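Let me begin by presenting the structure, written as structure tokens, before commenting on it.
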Amino acid sequence: MEIIFGRLDNNNARFTLTETRTAFANAFRRAMISEVPTLAIDQVRIYDNTSVLFDEMLAHRLGLIPLRTDLTTYVPAGECSCGGAGCTHCTATYTLSVEGPRMVFSRDLIPQDPTTAPCHDEIPIIKLSENQKVVLEARATVNTGKEHAKWQPTIACGYKNYPEITFSENCDGCGMCVEECPRGILTVKEGKAQVVAEKQEECLLCRLCEEACMAGGIGSEPSIRIKGDETRKIFVVEGDESLPVQEIIERALMHLRQKSEDLHTIVSQLSGVT
Amino acid sequence: MPATYKCARCKHKVEIDVNVRCPYCGNRILFKERGAGIKDLKAR
Amino acid sequence: MNIEIRELTADRARILFHGEGHTFMNMLTDELLENPVVGIAKYTMEFQFSDPELVVTTDGSKDPLTVIREACEHLRGYCDELLENVRTAVSK
């Protein structure tokens, strides 16, 4: 099994996972989404709210704001030495105090620890008009997406089978597949259809080209054939900037490894093998 | 803590005892004001 | 991880996994089925959020616990390989 990166920056990754199986790829995807911890606001103490929004809705909106997370300093409340009571190792505190008329943005959320500031400054929370006021205190904790979607570190995270496109002898270069392809990955050269260089990975596996080929009256079989290779997966992982994507990938793998390790230890003890 | 209201017409603060009626202008439409208490919520 | 053995014979095991979900169980059963001595490897969840119960049967040449142990070793190996991979790719 191997990971070959096509793209990797702070917030986006695209890679091919080779010699794998669907079950492993799916466990990997699920682990990235719901087993990697991040910070999110969980407790809100509202001192004043004369805005048009109910307290509960305001709190819910605050919960969904992605926060920069340093997992070397913050740990989940259950694993903290304070026993979940809430200390500086498991809880980040924020204050928000705004008077109208103006829009309240995520940058108005003032963190006590600047490393846990919201990832984006421009997330609108609520619009206040004259004489409206919001004063509150919020506490963020570390948890996983399994508990609530606001703790998911990923926005888009998925995979597809690696597309394999083959052309048979029967291709007459009519170009109907080229017109039909939504990603524009096909072209006609020297009277035969072929894949544009370096664009094969962009195929959606939608098989519209196969239908178009059949519509061309070429016979009982289309000359273009699309197949997905189940042993090779193309992953796309997009983070919400709370954690670098590389860390999301590594932590998901470490989670799966830990699970296997735990089960291995237990089963070894049970069967008397050490 | 008694609930405080605000008269819709004269904007006076009103405390309701028996009648739902503003003692200053006689209007029967009152708005409930937000209490001074602190509210703790779960952000979910 | 917390498991509870419900049934264990030389070629059949029924194990309850406390607090596990589809993420790990599906990966584990798929890996178990890769082993040619395994007959059935399947987990059931009575309700959506109940604890999964794994059923493993073998042809008798290996006992179910050994088979599970081997599957875990493989899975751990994959993760190690990929972690190594990611780290070298990033350092480049």
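Quick caveat, the model's predicted, so the values are computed rather than measured.
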### Query
Is there side-chain contact between Leu71(A) and Pro37(A), with at least one heavy-atom pair below 4.5 Å?
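Leu71(A) vs Pro37(A): side chains touch.
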
### Query
Can you find a pair of side-chain heavy atoms, one from His148(A) and one from Asn143(A), that are under 4.5 Å apart?
no

### Query
OG1/Thr38(A) to CD/Gln152(A) distance, rounded to the nearest 0.5 angstrom?
9.0 Å

### Task
Look up atom CG in Asn12(A) and atom CD in Glu241(A), then write down how far apart they are to the nearest 0.5 Å.
9.0 Å

Interchain contact, [X] with chain A, by part (heavy-atom threshold 4.5 Å):
X        : value
Leu8(C)  : neither
Ile68(C) : side chain
Ile5(C)  : side chain

Report which part of [X] has an atom under 4.5 Å of a heavy atom belonging to chain C: side chain, backbone, both, or neither.
X         : answer
Leu17(A)  : side chain
Leu263(A) : both
Leu256(A) : both
Ile3(A)   : both

### Task
Determine the option with the most heavy-atom pairs under 4.5 angstrom with chain C, choosing from Ser260(A), Ala23(A), Ala27(A).
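Between Ser260(A), Ala23(A), Ala27(A), the count favours Ser260(A).
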
### Message
Heavy-atom pairs under 4.5 Å with chain C - which of Arg257(A), Glu261(A), Glu2(A), Arg29(A) has more of them than the others?
### Response
Arg257(A)

### Heavy-atom pairs under 4.5 Å with chain A, option from Val90(C), Asn26(C), Ile3(C) with the top count
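Option with the greatest count: Val90(C).
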
### Task
Would you confirm whether Glu210(A), through its side chain, and Ile226(A), through its main-chain N or O, come within 3.5 Å as a donor-acceptor pair?
yes

### Between Phe17(C) and Tyr43(C), ring centroids under 6.0 Å
no

### Message
Under 3.5 Å, is there a donor on one side chain and an acceptor on the other for Asn85(C) and Glu81(C)?
### Response
no

